Amino acid sequence: MKRILIQQATIVNEGVSTLGSVVIENEKIAEILAVGQAPATPCDEIIDATGCYLLPGAIDEHVHFRDPGLTQKADLGSEGKAAAAGGVTSIMDMPNTHPQTTTLDALEAKFNLMAEKSRVNYSCYFGATNSNYPDFSQLDKHRVCGIKLFMGSSTGNMLVDRMASLEKIFSSTDLLIAVHCEDQGIVKENTDKYKAKYGEEDVPLACHPEIRSSEACYRSSELAVKLAQQTNARLHIMHISTAKELELFSNRPLAEKRITAEACVSHLLFCDNDYATLGARIKCNPAIKTADDRSALRAAINDGRIDAIATDHAPHLLSEKEGGALKAASGMPTIQFSLVSMLELSSQGVFPIETVVEKMSHAPAKIYEIQNRGYIRQGYQADLVLVRPNQPWTVTTDTILSKCQWSPLEGRTFQWKVEKTFVNGHLLYNKGEIDENYRGQELRFR
């Protein structure tokens, strides 16, 4: 492979931003050069990155690419394009597809499909059910990113609601257990209450955060933390949406934690006031909560109680987003705009750019123990993204690469723009152009 020099960028890595250059060779970061330092040997291609920031590619630990079985909404190919255009170089896909990734055969088929179609680097979760925990011992911990556990509403048979099963799941594996936490009993009680008020047909969308309430989130997260503490399991609670849940987490250094927390881009961007203008486009589970909850999540990014930022990228057809709190599908596509959204918050002073890189690149690599990715380090895979500030552009329908062809961010203008995305040293995305032929690599875990 040719030697590529990315020259005169502001390199953001491991808490520091500094001017320098990076050499890519044989899929890897071959050299990291200070200002004025020349490469060891001549390079075949020189990219002038003056005025740009060079970041490690984002690692999105929480996506629903809908493949297999739901490909009318999205697929590995289309969403991989969106990821690359957004500076996301690695993804971990969720198991609630058709068929669900809850058997060893389905898992192997999923890996084969990802190898065939994924444009970015990939892994996938094994989905827990009330009865499949005996299979955990047969999972390859170097291939499978974790166990996905739905302790709340889900599709099919993936709601785990028996205490005996939960105890078995938490004690049956040393793989990371990634959990969706909403107490189904509380959700059902709230649903019945609002149905009685508004009728069986549907309930106003504004009631969604009251049905999927803060208490439902807190009670389920509290139980997950308790089970993890009792069994010494590795627990990662996904899409924290409430201020109250933050009481459950520590701000100790990440290396000392076995219980970690994720916030999603949607909960960091939106609040319940946005239902009035965006409607079901921002309907997701857990629900978008109050402005105070959003402020608390942003603060927790800074103080270390929230460890990682992901998307829960979950495309639906717009026709499926019609209706209110009970009928409209939950989930939204955000991966193409996740990094620039967080860089925008950085420019607004919400958190430093170094924190964006920590939460979207370094922390996922640490939490999931991903080999040789997530940092700009010599010898690591060259998963890199070049972004330029002060480059205003507006999200329009024709800029959206997700197959569903809509975004809750349509009409929003960003000052940051992804210029180039390298995956394993390969220029996958270049100023609007995608290499359709490239396929990413399977992630490996320690």
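The analysis underlying the following values was restricted to heavy atoms, covering all of them including side chains, and did not include hydrogens, waters or symmetry mates. Since this is a predicted model, take the numbers as computed values, not measurements.
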Classify the angle between the aromatic ring planes of [X] and [Y] as parallel (below 30°), tilted (30 to 60°) or perpendicular (above 60°).
X: Tyr133; Y: Phe136; result: perpendicular
X: Phe414; Y: Trp393; result: tilted
X: His239; Y: His62; result: tilted
X: Tyr122; Y: Phe111; result: tilted
X: His180; Y: Phe150; result: tilted

NZ/NE/NH1/NH2 to OD/OE distance under 4.0 Å, [X] and [Y]:
X: Glu436; Y: Lys81; value: yes
X: Glu108; Y: Arg143; value: yes
X: Asp202; Y: Lys327; value: no
X: Asp67; Y: Lys117; value: yes

Would you say [X]'s side chain and [Y]'s backbone share a donor-acceptor pair under 3.5 angstrom?
X: Trp416; Y: Pro389; result: no
X: Ser220; Y: Met151; result: yes
X: Ser402; Y: Cys404; result: no
X: Thr71; Y: Ala74; result: no
X: His267; Y: Pro286; result: yes
X: Asn251; Y: Arg305; result: no
X: Lys283; Y: Lys321; result: no
X: Asp435; Y: His426; result: no
X: Lys188; Y: Asp183; result: no
X: Asp192; Y: Glu189; result: no

Residues that [X] engages under side chain to side chain contact (heavy atoms under 4.5 Å, CB included), provided they are two or more places apart:
X: Asp274; result: Phe270, Cys271, Leu278, Ile282, Arg294
X: Arg258; result: Asn232, Arg234
X: Leu70; result: Arg66, Gln72, His98
X: Ala178; result: Tyr125, Lys148, Leu176, Met238, Tyr368

Between [X] and [Y], do the side chains contain an N or O donor and an N or O acceptor separated by less than 3.5 Å?
X: Thr231; Y: Ser171; answer: no
X: Asp292; Y: Ser295; answer: no
X: Asn372; Y: Gln381; answer: no
X: Glu410; Y: Thr397; answer: yes
X: Thr260; Y: Asp307; answer: no

Just to verify, which of His313, His64, Lys73, Lys403 counts as forming a side chain to side chain donor-acceptor pair (under 3.5 Å) with Glu79?
His313
Steps toward side-chain contact (heavy atoms from CB on, under 4.5 Å) verdict (Val88, Ser338)
CA-CA 9 Å; Val88 177; Ser338 57; 4.0 Å; yes
Distance from [X] atom [atom1] to [Y] atom [atom2], nearest 0.5 Å?
X: Phe337; Y: Leu269; atom1: CZ; atom2: CG; answer: 12.0 Å
X: Ser330; Y: Asn285; atom1: OG; atom2: CG; answer: 3.5 Å
X: Leu268; Y: Arg298; atom1: CG; atom2: CZ; answer: 7.0 Å
X: Ser407; Y: Ile335; atom1: OG; atom2: CD1; answer: 12.5 Å
X: Asn13; Y: Leu55; atom1: CG; atom2: CG; answer: 9.5 Å
X: Glu245; Y: Leu297; atom1: CD; atom2: CG; answer: 8.5 Å

How close do [X] and [Y] get, heavy atom to heavy atom, and via which atoms?
X: Ile59; Y: Ser361; value: CD1-O, 3.6 Å
X: Ala224; Y: Ile237; value: CB-CD1, 4.2 Å
X: Leu339; Y: Gly86; value: CB-O, 3.4 Å
X: Lys289; Y: Cys217; value: NZ-SG, 3.6 Å
X: His236; Y: Ala308; value: CE1-CB, 4.5 Å
X: Val187; Y: Glu182; value: CG2-CB, 4.5 Å

Knowing that exactly one of Glu256, Glu358, Glu14 qualifies, which makes a salt bridge (Lys or Arg N to Asp or Glu O under 4.0 Å) with Lys366?
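The residue from Glu256, Glu358, Glu14 that satisfies salt bridge (Lys or Arg N to Asp or Glu O under 4.0 Å) with Lys366 turns out to be Glu358.
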What's the verdict on side-chain contact (heavy atoms from CB on, under 4.5 Å) for Ser118 and Arg439, showing C-alpha distance, side-chain angles and the deciding distance?
CA-CA 6 Å; Ser118 183; Arg439 296 295 177 268; 5.8 Å; no
Verify side-chain contact (heavy atoms from CB on, under 4.5 Å) between Ile147 and Leu139, making sure each step is shown before the conclusion.
CA-CA 10 Å; Ile147 305 294; Leu139 299 174; 3.5 Å; yes
Quick one, Thr396 with Asp398, criterion side-chain hydrogen bond (donor to acceptor under 3.5 Å, both in side chains). Give me CA distance, side-chain angles, the key distance, then yes/no.
CA-CA 5 Å; Thr396 57; Asp398 60 353; 2.3 Å; yes
Given Phe445 and His142, is the ring-ring contact (aromatic ring centres under 6.0 Å, His included) satisfied, shown in steps?
CA-CA 4 Å; Phe445 307 92; His142 301 298; 8.9 Å; no
For Glu215, what residues pass the salt bridge (charged side-chain N to carboxylate O under 4.0 Å, His left out) criterion, not counting sequence neighbours?
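Listed in chain order: Arg219.
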Let's go through Thr89 and Leu428 carefully: what are the C-alpha distance in whole Å and the side-chain angles of both, what is the deciding distance for side-chain contact (heavy atoms from CB on, under 4.5 Å) to 0.1 Å, and is it a yes or a no?
CA-CA 9 Å; Thr89 54; Leu428 179 58; over 6 Å; no
For Thr311 and Asp60: C-alpha separation, side-chain torsions, deciding distance, then whether side-chain hydrogen bond (donor to acceptor under 3.5 Å, both in side chains) applies.
CA-CA 7 Å; Thr311 61; Asp60 196 334; 2.5 Å; yes
Scan residues 418-429 for pairs that pass salt bridge (Lys or Arg N to Asp or Glu O under 4.0 Å), counting only residues two or more places apart or in two chains.
Arg388-Glu419
